[in-house]
Amino acid sequence: MTVLQEKTYQPFTEESVLVYLEQKGFIKDRKEADCKEVGDGNLNYVFIVRDNTTDRSIVVKQALPYAKVVGESWPLSLDRARIERQALQEAAKHVPHLVPEVYDYDDTFAITVMEDLSDYVILRKGLIEGNRYVNLAEHIGRYLAETLFHSSDEALGPVEKKKLARQFVNPDLCDITEKLVFTDPYFNAESNSYAETLEETVNELWQDDALLFEVAKLKKQFLTEGEALLHGDLHTGSVFVTSGETKVIDPEFAFFGPAGFDAGAFLANLTLNFIAQQERSSEGDRQEISAYLLEAIEQTWAVFEQRYRELLKEHAVEERYKSDEYADYIVKKIWQDTLGFAGCKTIRRIIGLAHVEDIDGIEDDESRLRAQKRAIETGRHLIFNRQQWQSPSDWTAYLKELVQP
Ligand code: SR1
Ligand code: MG
């Protein structure tokens, strides 16, 4: 029985992907093609298929009906494959050079057939190795501005915006974020994961009622503020890079949420890498790597802000949205939310279920513990100071001070 005759969802294997692609005409002869499952994320299969007769390759991404990282006890809707594909297609309208091209899809099998980015590396891996990417801040700042603005009420008007928003109702994936980012790290939840040596720090955090209150407010914003179509999981594992190119991948968490959430996720992950590099990089390289990361934090925001202001002026649907005063108001709101969400994103990667290799991969126990404590402290500062820190230089000044010997 072939995959297409069956026509009900089933997880693909390396063999059945080839059968499927042959039937769809993507490859001529499956015996002349290679397929490898390479997915190392938490939720999906990713197959790379090479047609040896043409030497062309494509990616087939398939959603599984549960969270791979947890197992079948955490079921997840397959509709996220459609959401991811449509989010990529939305982004491609405004920043086609910054997302992989979608070639085809099949909602029954929850698959997207798309551009193979095997020549790229995952940004997190590249940053861990101490590499620098000259266009990264420009690209991500631009990606944020274009995707967030073009899905906002200011760009679409309320009717079109609501029509678009209803395509991106994503309860299962939002539930993951609500639990793993805003809830579980703040009490003794079963899903949490941290070393015994961190217990005292974690207990202190759980008893910090002022912090818990601020996180509850940020969670409320995440639950209720549908300002723009978000990527929803814009950490450095969701970005592919070469020395000059950038592609944002994996928007399966996409939904209409608070605009500062994506910038917060990205900048939090640069911040985590900065903290990790104080332990990872050799003394000779540390200064340059640190300076690069701090500049990337500042520049990403600067590019975002400048482009967002331009877009408001050029394309807003109401005249009053075009004033400097209105732009100041919007940009300030997004900035403060970015800080708050970045704080939550930093803390969850130390206490919560899903960690980051930047920090967890630090071999020496004492160095790793120092980095973990610094990350938690940074998260607290980002959350508490979100109304005081006026610009990214306040953020980077804090980080410089934090790592002073
Ligand atoms: C159950 S999934 C765990 C995490 O992986 C994803 O990349 C998201 O960040 C999610 O919170
Ligand atoms: Mg992902």
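Just so you know, residue 1 is the first one in the sequence shown, and it goes up from there. Fair warning: this is a prediction, and the values are worked out from it, not measured in the lab. When a ligand or atom number is given, it counts from 1 through the structure's own listing order.
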Does Ala87 have any side chain to side chain contact (heavy atoms under 4.5 Å, CB included) partners at least two apart in sequence or in another chain, and if so, which?
->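 Side chain to side chain contact (heavy atoms under 4.5 Å, CB included) check on Ala87 returns Phe168, Pro251, Ala254.
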List the atom of Lys247, the atom of Leu117, and the distance in Å for their closest heavy-atom pair.
->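 Closest pair (atom of Lys247, atom of Leu117, distance): CB-CD1, 3.8 Å.
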Which heavy atom of Val181 sits nearest a heavy atom of Tyr186, and at what distance?
->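 The answer is O-CE1, 3.5 Å.
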Output every pair passing side chain to side chain donor-acceptor pair (under 3.5 Å) with a member in residues 93-102, not counting sequence neighbours, ordered by first then second residue.
->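 Those involving residues 93-102 are Glu90-Lys93.
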Any idea which N/O/S atom from Asp250 gets closest to the Mg ion (ligand 2)?
->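 Minimum-distance N/O/S atom of Asp250 relative to the Mg ion (ligand 2) is OD2.
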Heavy atoms under 4.0 Å from ligand 1: which residues qualify?
->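 Within 4.0 Å of ligand 1, the protein residues are Asn42, Leu43, Val69, Ile176, Leu180, Asp233, His235, Phe253, Arg348, Arg349, Ala354.
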Give the table of side-chain donor-acceptor pairs shorter than 3.5 Å for residues 255-273, with sequence neighbours excluded, one pair per line with atom names and distance.
from, atom 1, to, atom 2, distance (Å)
Asp262, OD1, His231, N, 3.4
Asp262, OD1, Gly232, N, 3.0
Asp262, OD2, His231, N, 2.7
Asn269, OD1, Arg124, NH1, 3.2
Asn269, OD1, Arg124, NH2, 3.0
Asn269, ND2, Ala265, O, 2.9
Thr271, OG1, Leu267, O, 2.8
Thr271, OG1, Trp395, NE1, 3.2
Asn273, ND2, Asp358, OD2, 3.0

Applying side chain to side chain contact (heavy atoms under 4.5 Å, CB included), run through Arg80 and Asn44 and close with a yes or a no.
-> CA-CA 10 Å; Arg80 70 184 191 277; Asn44 306 295; 3.1 Å; yes
